[in-house]
Amino acid sequence: MINAPSFQLKTAIAPSDKINLGLIGCGGLGKANLSACAARQDVIVTAACDVWKERLDAVAGQYKCKPYSDYRELLRHPGLDAVIIATPAHWHALQAIEAAEQVFTYIFKNP
C-alpha cells in the first residue's frame, strides 16, 4: 500500500515554509553562497548589506532586495529568518553574536 502523500507532487511551497535570507558582505564569497541558496525554491533573498556601494547595488539589483550599508540595520529587517555572514574574518564574531541575539540562523565562511 502506498500513502497518498508519497506519490503526490508538491507544486508550491507555502509562504510560511520559505526562508527570508539576508547577506552581510556582498563580495565574491558572499555572492557565491547567496547564489547557491537563492537557487532553492524555499529561499527568498530579502536583504543585503555591504559598506562598498558598488557591491551592494549589484546584489540588491540582481535579487530585488532591500539594501543596507550597516549590518545592524539589516539584522532588524522585518521578517528576516537567516543571514549569511561573508565579511572579513575579523568581523565574524561580532556579527554572529548579534545575529544569534536576534535569534537568526547564520552561516559564515572562512576563506
Point to revise | Val51 and Ser69: CA distance, side-chain angles, deciding distance, side chain to side chain contact (heavy atoms under 4.5 Å, CB included) verdict | key: CA-CA 5 Å; Val51 295; Ser69 59; 5.8 Å; no

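The shortest distance between side-chain heavy atoms of Val43 and Lys18 does not fall below 4.5 Å. Residues Leu21 and Ile44 form no side-chain contact, since every pair of their non-hydrogen atoms from C-beta on lies 4.5 Å or further apart. With a 4.5 Å cut-off on side-chain heavy atoms, Leu75 and Val83 count as touching. Counting heavy atoms from C-beta on, the side chains of Thr46 and Cys65 never come closer than 4.5 Å.
Within the model, atoms OG1 of Thr87 and CG of Leu94 stand 9.5 Å from one another, a figure rounded to the nearest 0.5 Å. A distance of 11.0 Å separates CG in Asp42 from CG in Asn20, rounded to the nearest 0.5 Å. If you take CD1 on Ile19 and CZ on Arg40, they are separated by 7.0 Å, rounding to the nearest 0.5 Å.
Across Ala38 and Tyr63, no two heavy atoms sit closer than the pair CB-CE2, 3.6 Å. Across all their heavy atoms, Ile84 and Cys37 have their closest contact at CD1-SG, 4.0 Å. Considering all non-hydrogen atoms of both residues, Ile24 and Leu74 come closest at CG1-CD2, 3.9 Å. Nearest heavy-atom pair across Cys26 and Val59 is CB-CG2, 3.7 Å. Between Leu56 and Ala48, the shortest heavy-atom distance links the atoms CD1-O, 3.3 Å. Closest approach of Arg55 to Asp50, counting heavy atoms only: CD-OD2, 4.0 Å.
Screening Arg76, Glu73, His77 against Tyr68 for a side-chain hydrogen bond (donor to acceptor under 3.5 Å, both in side chains) leaves a single residue, His77.
Cluster annotation: Tyr71 and Trp52 are assigned to distinct hydrophobic clusters (Ile/Leu/Val/Met/Phe/Trp/Tyr, side-chain heavy-atom contacts under 4.5 Å, transitive).
Evaluation of the side-chain contact (heavy atoms from CB on, under 4.5 Å) rule for Gln62 yields no partner, not counting sequence neighbours.
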